[in-house]
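Written below as structure tokens is the structure these notes are about.
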Amino acid sequence: MSRWIGTSFKMTKTRSEAASYAARVRAAVGDGIDGVQPFLIPSATAVSVVADTLGPGSPVLTGVQNAHWDDEGAWTGEISVPQAADAGARLVEIGHSERRAHFAETDDTVRLKTAAALRHGLTPLVCVGESAAARDAGRGADVVRAQAEAALEGQSDPGAVLLAYEPVWAIGEHGRPPRPEEIAPALAALAELPARAVLYGGSVDLRNAPWLLELPGVQGLFVGRAAWDVDAFLDLVALGL
Ligand SMILES: O=C(CO)COP(=O)(O)O
């Protein structure tokens, strides 16, 4: 089974920066790397240029960071899954903790968006993760399991869904890298669900990626800051081999 190694650019990079990055990845990956499924999730403005640079049928997948559950309509500022697909996306990231915290994403909207992605044949990448308070209260695994079950509930094909376990306390410049024993319980809980694969994300870098990839229940890495430099991303992809 392939290891998924990918990055979200979050709200960084112009179209030309994203295109240069994608071109480097495409050149390095060639026709594909056995055992690794790389993916890039740029800002919405750069999705089509990244997908076009990677080319049709590319072994590197392109994703969007969010998409609406409705196929079209009066939803100012949103993009739909069909629009994402039209731009070349094959993955739809859903429910990142930054969206749950700042943009009112809930378990219900995550479930609706997951259904929309599946309805149109795109792969949902559903992010779940507990707060520091939940972790400290010993509720981390329960929170994560509940978020993932809510996303998968009633889906036509839960086995097509990717889950990214991203503890809120580990993400971003205010986050810190996890210790193995802090993330093992949630990983064990997620391993019982019928998802396609479980990725870990949150302060991943070249130092901790080797042991994270060896943790039971981890089938890939979802990387932010440490992968925004393309050479670092390619080093991470090589670690997935
Ligand atoms: O949020 C993340 C990926 O979605 C992880 O971000 P960082 O790797 O910057 O902590």
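Numbering of ligands and ligand atoms starts at 1, following listing order. What you see below is based on every heavy atom in this structure, not just the backbone, and it leaves out hydrogens, waters and symmetry mates.
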Students often mix this up, so state it plainly: with edges at 30° and 60°, are the rings of Phe233 and Tyr21 parallel, tilted or perpendicular?
tilted
Give every residue pair that meets the ring pair (Phe, Tyr, Trp, His ring centres under 6.0 Å) criterion with at least one member in residues 192-232, sequence neighbours excluded.
Phe39-Phe222
Need the ligand 1 atom indices (1-based, order shown) with element for anything under 4.0 Å from a heavy-atom of Phe222.
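In order of number, 3 (C), 4 (O).
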Numbered atoms of ligand 1 (with element) below 4.0 Å of Gly224, judged on heavy atoms
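Counting atoms of ligand 1 from 1, those under 4.0 Å from Gly224 are 5 (C), 6 (O), 7 (P), 8 (O), 9 (O).
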May I ask you to check whether [X] has an N/O atom sitting below 3.5 Å from an N/O atom of ligand 1?
X: Ile171; result: no
X: Gly172; result: yes
X: Arg225; result: yes

Can a side-chain donor-acceptor contact be found between [Y] and [X] if the only test is distance below 3.5 angstrom?
X: Tyr165; Y: Glu130; answer: yes
X: His96; Y: Glu166; answer: yes
X: Trp169; Y: Glu182; answer: no
X: Ser156; Y: Arg119; answer: no

Applying a heavy-atom cut-off of 4.0 Å, say which part of Glu166 lies close to ligand 1: side chain, backbone, both or neither.
side chain
Does Lys10 come within less than 4.0 angstrom of ligand 1, counting non-hydrogen atoms of the residue?
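Yes, Lys10 has a heavy atom closer than 4.0 Å to ligand 1.
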Are any of the heavy atoms in Ser203 under 4.0 Å away from ligand 1?
yes
